[in-house]
Amino acid sequence: MLEYNLPRYLPSAEELPDSDETPVDNELQELIPGLLKSILLILWAERMDWLFAIDMGIYYHPDKPPIVPDGFLSLGVERFYDEELRPSYVLWDENVVPIFVLEVVSQNYRKEYTTKLAEYEALGVLYYVIYSSRRRRKPHLEVHKLVNGKYQLQEGNPVWLPEIGLGIGCERGNYCGVTREWMYWYDEQGQRYLTPAEQVKQETQRAQQEAQRAQQAELRVQQLTEQLRALGIDPDNLD
């Protein structure tokens with residue numbers, strides 16, 4: 001439950017601005033969370049109790065500006081509540097604090113390691129993830145877990161998130177035609193889940209292999225039929 005001292009009368013999501021009108025600094029701030037969301041749409045296609053939002057404002061008080069992470073995940077909420085979808089994420093309506101928040105560091109540093117960390121910590125976000133591909137002496141990926149009200153940096157790549165049932169990590173791959181380091185979801189054994197394009201490719205290859213096996217089996221039957229006829233045996237009259 002939320003512990004904020006909120007006013008008695010509260011606006012709805014439709015009455016609040018749906019954007020802080022601050023443009024993203026580069027494409028990665030859209031593409032990286034977009035990739036994570038696209039994988040979830042396949043993994044959790046049958047689930048209707050989650051929301052992964054990109055560049056959506058999180059309202060925690062009607063008189064304060066929203067916090068707008070590059071991406072966040074909430075569990076135990078309605079996947080959709082009407083055909084207009086959510087204009088923003090209003091905590092006093094949802095009653096669920098996001099369990100996972102992602103910030104992608106751009107050339108214009110936006111206090112991801114200081115002010116935003118403190119904000120998400122105060123909000124009660126369980127996992128705060130920061131990704132910066134420009135770091136040279138430190139890991140590109142930082143996963144902070146809220147323990148006794150304070151964030152603790154988790155080790156490893158990927159990092160298993162038991163409360164979500166997924167791991168988060170980064171490695172080189174191809175997405176939208178760009179080969180570079182991307183963020184992905186992983187299973188408990190550390191195996192990376194495929195992107196939608198990779199799944200289509202895998203299914204296409206599987207279908208081609210099945211078609212090839214069927215073609216080879218048909219060819220084998222034809223060869224056996226010809227051999228039987230060469231021996232004077234009519235394969236159509238075999239008991």
Side-chain angles (χ1 to χ4, degrees), residues 28-54 69-77 79 96-105 112-113 117 120-121 124-148 150-210 212-213:
L28 291 179
Q29 289 175 287
E30 295 179 349
L31 290 177
I32 288 176
L35 172 56
L36 293 175
K37 182 174 182 175
S38 70
I39 298 172
L40 285 183
L41 287 170
I42 295 175
L43 287 179
W44 292 350
E46 303 302 320
R47 291 180 57 172
M48 300 300 290
D49 63 344
W50 64 277
L51 168 71
F52 192 99
I54 300 172
D70 292 319
F72 70 85
L73 172 67
S74 283
L75 299 179
V77 298
R79 180 73 185 87
V96 176
V97 174
I99 194 171
F100 171 103
V101 161
L102 169 66
E103 292 286 357
V104 178
V105 180
E112 286 87 355
Y113 300 99
L117 186 145
Y120 296 133
E121 189 176 78
V125 175
L126 183 60
Y127 289 104
Y128 173 39
V129 178
I130 308 172
Y131 175 76
S132 176
S133 58
R134 293 182 175 85
R135 302 183 99 187
R136 295 184 177 181
R137 297 186 178 182
K138 293 183 178 181
H140 292 175
L141 181 69
E142 286 191 1
V143 179
H144 301 265
K145 183 175 184 179
L146 196 64
V147 179
N148 297 323
K150 292 293 181 181
Y151 278 130
Q152 292 184 4
L153 184 62
Q154 307 296 294
E155 295 183 356
N157 178 32
V159 176
W160 179 245
L161 316 176
E163 296 83 358
I164 299 176
L166 295 170
I168 190 71
C170 56
E171 63 179 85
R172 289 190 67 81
N174 186 282
Y175 178 59
C176 290
V178 180
T179 299
R180 69 176 312 278
E181 184 178 74
W182 294 101
M183 288 183 63
Y184 299 96
W185 299 111
Y186 295 77
D187 65 19
E188 195 168 3
Q189 288 70 46
Q191 297 298 311
R192 177 170 72 81
Y193 285 110
L194 299 180
T195 68
E198 289 170 338
Q199 289 211 12
V200 169
K201 182 178 179 179
Q202 185 184 73
E203 291 171 1
T204 300
Q205 290 176 339
R206 187 181 296 116
Q208 290 174 341
Q209 291 170 352
E210 291 293 333
Q212 185 177 19
R213 281 194 287 268

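Starting from 1, each residue takes its place in the sequence as its number.
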[Y] side chain reached by [X] side chain, heavy atoms, under 4.5 Å:
{"X": "L75", "Y": "D49", "answer": "no"}
{"X": "Y131", "Y": "P139", "answer": "no"}
{"X": "L117", "Y": "Y128", "answer": "yes"}
{"X": "Y184", "Y": "I168", "answer": "no"}
{"X": "D70", "Y": "I54", "answer": "no"}

Suppose we call two aromatic rings close when their centres sit under 6.0 Å apart. Are F72 and W50 close by that rule? no
Just by modelled atom types, is the [Y] backbone N or O under 3.5 Å from a matching donor or acceptor in the [X] side chain?
{"X": "W185", "Y": "L36", "result": "yes"}
{"X": "Q154", "Y": "V143", "result": "no"}
{"X": "E103", "Y": "V101", "result": "no"}

Would you mind checking if R135 and E142 are paired as a salt bridge, meaning a charged N to carboxylate O distance below 4.0 Å? yes
Do the charged groups of E198 and R192 touch, with an N to O distance under 4.0 Å? yes
Side chains of H140 and E181: is there a donor and an acceptor less than 3.5 Å apart? yes
Does NZ or CZ of R172 come closer than 6.0 Å to the centre of the six-membered ring of W182, within 45° of the ring's axis? no
Check step by step if salt bridge (charged side-chain N to carboxylate O under 4.0 Å, His left out) holds for K145 and E163. CA-CA 11 Å; K145 183 175 184 179; E163 296 83 358; 3.1 Å; yes
Kindly determine whether L102 and L73 satisfy side-chain contact (heavy atoms from CB on, under 4.5 Å), including the steps that lead there. CA-CA 9 Å; L102 169 66; L73 172 67; over 6 Å; no
